[in-house]
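Comments concern the structure below.
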Amino acid sequence: MPFVLQIFAAVGLTGWFSLRNGQKAVNDLAMQLRNQTSAQVTHHLEEQLTIPNQINQLNLDAINIGTLSLQDFDRMGQTFYRQMQTFNVGYINFANPQGEFIGVERLTDGTLLINETRKPALSQMSIYKADAQGKRLKLERTVSDQPSVTLEGWYADAVNARKPLWSAIYQWDDKPDVMSISSSYPIYNRQKQLLGVVGVDLILSEFNEFLQNQQASPTGEVFIVERNGLLVASSASEAPFLLHKGKAQRMPASESRNPLIKASADYLISHFGDLTKIQAIHALSFRMAGQQQFVQVTPWHDPNGLDWLVVVVVPEADFMEQINANTRTTVLLCLLSLIFAILLGLMTSHWISRWLQHLVKVSQQLARGDLDQTAVAQGIRELEDLSQSFNQMAAQLKASFTELDDRVAQLTAELFEAKNAAEAANRAKSEFLEAMSHELRTPLNAILGVAQVLQHDTSLTPEHQERLSITQRNGNYLLSLINDLLEIAKIGMHQEPSAINRFDRDLRLKLVASTQTIEESIDQALMVYLAQMPLEWVDQLYQAAIKGSDQDVFELATQIPADGAPLTTSLTAWVKDFRFDKVIDLVHHTKERHSLN
């Protein structure tokens, strides 16, 4: 598992970083394409939109220095014609405040025509063909019912502004499907009187063709919008306007039939709230139909009033085909690497674990005490070192256990000798204590017996009775100490202590009250047995108890008939505990109740 987990983690991280780097590469490529496309479009706009201003400035300079007369429409038409041959524009024209007009138009097939309106027929436009020098060859046709040129946007806007400007995008009257924008320069004399307006038209369809050749990706789109959201041009096949009853209606980008242009415009409006707020280049992204779309919006404007936005949209899917192919290749290689690494790891781990299991088996046998084992491991330096350590440990353990066994045997022998000596000393001590206690108790019991007999003498004074009580009490205490000493000696000789000693005396005193009735009934039975014995035998028992002679009592107890066994048992037990007072009391009570003499 450690091999598999480590390899899986390594391969997984490698694949993840590969996918992440692929995604980063897509983002970087999309950014580069957007920047490149935006730069190309803005550069094209600068080039194309500078030309009309340059043409107007050339004409204005010619008028100011007198090389071009505003009254000589023939000469002016020739000049415009030659300029049209040099510059790729749609129209170059001039109009004066009286409504007269001279201009050169470029047809879709590249043909140049001279259009002119002169007094007194200001509602009629004459259209001429011309030669290469711009000289009129023949009248092509005449168009009547023309509105006054002074009402057209390219003229009226410049007059109202009193400075050079770009007109609004407008439709040509005679060609509704042509949308253009005009760079207009008003002309004034030294008295600030209006002499007319020169203008140059750019056909916006040319921008559409350019944008269609500048798509950043196979399905990407490029479009130009005004700040009010109306389309100027786009790379889509659709026109940026709709024709309704012969009138062109410009189309908002958010209403485009192209889904990518529409989604991009909607996103920009929702993101910024208003297109007028976009004052810098923004690189953004949004999702459409579940797919990532990269969008870049670049503001573009010129000194004469144009203020447009260039929008480049690149779908992520356009770059993902190769990325996905690379991803599939990466995943496949990762899986193959993972499988190969796992197999190699399993083989390696099996090879290592075989020797480890051998070492485990050897260690278990060593733990059970079998120190004759030899560990073997080959091919792995660390395991070889470990096996050598096992063998050294086993040898050291074997030597240590042998030395330990010898030491234990020696210590055992020494302890056995010490134990025998201690037991011998303990037995000698116990025998000495037992003999001493016996020798002490015999005269002490005689003293206690005499004291007890004297207590029954009614001729003694109370003072003598009190002294006898003190003597008997101290004798009993001394006898108790001797009995305790004898019990300790018995414990030292591993004998069971007697049931009566100083340590259970308190408990026995507590039980006296509850067992008094039982003892009285037992004593009465013993008195009956004692009353059946000969008087001489009773006197001998009495004298032996007074003397404290246990051997005499034991000898007399053997003379009791078999039916008096309870008496034999009691006398033997009392004497063994040196309770000669019990024997004396039993004799006294028996004499009192059975009138023994």
Side-chain angles (χ1 to χ4, degrees), residues 23-50 169 181 202 204-241 250-302 306-323:
Q23 185 64 43
K24 186 176 183 298
V26 169
N27 294 339
D28 293 342
L29 179 59
M31 177 63 73
Q32 293 175 6
L33 289 175
R34 285 179 291 172
N35 290 336
Q36 181 180 359
T37 304
S38 297
Q40 291 175 350
V41 172
T42 55
H43 180 68
H44 181 75
L45 289 177
E46 290 174 358
E47 285 185 346
Q48 295 300 313
L49 295 173
T50 300
I169 297 174
I181 186 170
L202 284 178
L204 296 183
S205 59
E206 296 179 358
F207 286 169
N208 289 342
E209 295 174 1
F210 173 78
L211 294 181
Q212 289 173 2
N213 295 325
Q214 298 299 316
Q215 288 180 293
S217 65
T219 60
E221 298 291 350
V222 184
F223 60 96
I224 303 172
V225 293
E226 294 183 302
R227 294 289 182 165
N228 56 13
L230 295 178
L231 274 174
V232 176
S234 72
S235 60
S237 58
E238 65 175 350
F241 57 88
R250 296 185 61 195
M251 181 189 305
S254 58
E255 297 179 5
S256 173
R257 292 188 295 272
N258 184 287
L260 189 56
I261 294 177
K262 180 181 185 308
S264 301
D266 290 338
Y267 171 74
L268 292 176
I269 293 173
S270 63
H271 184 78
F272 293 99
D274 188 352
L275 297 182
T276 58
K277 296 180 180 179
I278 303 176
Q279 300 299 327
I281 299 175
H282 293 277
L284 307 168
S285 64
F286 67 96
R287 304 192 71 84
M288 184 185 76
Q291 296 198 11
Q292 188 84 353
Q293 311 292 329
F294 300 105
V295 58
Q296 178 168 312
V297 55
T298 304
W300 185 90
H301 54 84
D302 78 339
L306 285 185
D307 190 7
W308 292 346
L309 297 175
V310 178
V311 183
V312 181
V313 188
V314 180
E316 183 185 41
D318 288 351
F319 308 97
M320 290 306 295
E321 182 176 358
Q322 184 62 38
I323 296 297

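Sequence positions, counted from 1, serve as the residue numbers for this chain. Atom set for the values below is all heavy atoms of this structure, side chains included, hydrogens, waters and symmetry mates excluded.
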Salt bridge (Lys or Arg N to Asp or Glu O under 4.0 Å) partners of residues 276-302, not counting sequence neighbours, each pair once: none

Salt bridge (charged side-chain N to carboxylate O under 4.0 Å, His left out) involving E238 - partner list, sequence neighbours excluded: R257

Residues forming a side chain to side chain contact (heavy atoms under 4.5 Å, CB included) with A283, sequence neighbours excluded: M31, R34, Q296

Those residues that, when tested against N258, pass side-chain hydrogen bond (donor to acceptor under 3.5 Å, both in side chains) (two or more places apart): E221

Working for side chain to side chain contact (heavy atoms under 4.5 Å, CB included), residues L204 and I181: CA-CA 7 Å; L204 296 183; I181 186 170; 4.0 Å; yes

Any L211 side-chain heavy atom under 4.5 Å of V41 side chain: yes

Taking every non-hydrogen atom, the tightest pair across Q212 and S237: NE2-CA, 4.0 Å

Partners passing ring-ring contact (aromatic ring centres under 6.0 Å, His included) against H301 (at least two apart in sequence or in another chain): none

Residues which pass side-chain hydrogen bond (donor to acceptor under 3.5 Å, both in side chains) with E47, listed by chain and number, not counting sequence neighbours: H43

Test side chain to side chain contact (heavy atoms under 4.5 Å, CB included) applied to L49 and W300, step by step: CA-CA 11 Å; L49 295 173; W300 185 90; 3.1 Å; yes

Sub-4.5 Å side-chain heavy-atom contact between F223 and S256: no

Partners passing ring-ring contact (aromatic ring centres under 6.0 Å, His included) against F286 (at least two apart in sequence or in another chain): Y267

Residue pair F210 / V222, side-chain heavy-atom distance below 4.5 Å: no

With sequence neighbours excluded, residues passing side chain to side chain contact (heavy atoms under 4.5 Å, CB included) with E226: I169, N228, L230, V232, R250, W308

side-chain hydrogen bond (donor to acceptor under 3.5 Å, both in side chains) against T276, all qualifying residues, sequence neighbours excluded: D274

Listed partners of P299 passing side chain to side chain contact (heavy atoms under 4.5 Å, CB included), at least two apart: R227, I278, I281, L309

Contact summary for G220 and S235, nearest pair of heavy atoms: O-OG, 4.4 Å

Residue pair D266 / S254: nearest heavy atoms and the distance that separates them: OD1-CB, 3.2 Å

Set of side chain to side chain contact (heavy atoms under 4.5 Å, CB included) partners for E206, sequence neighbours left out: N88, I203

Side chain to side chain contact (heavy atoms under 4.5 Å, CB included) between L284 and L268, intermediate numbers included: CA-CA 9 Å; L284 307 168; L268 292 176; 4.2 Å; yes

Under the side-chain hydrogen bond (donor to acceptor under 3.5 Å, both in side chains) test, residues paired with S285 that sit two or more places apart: Q292

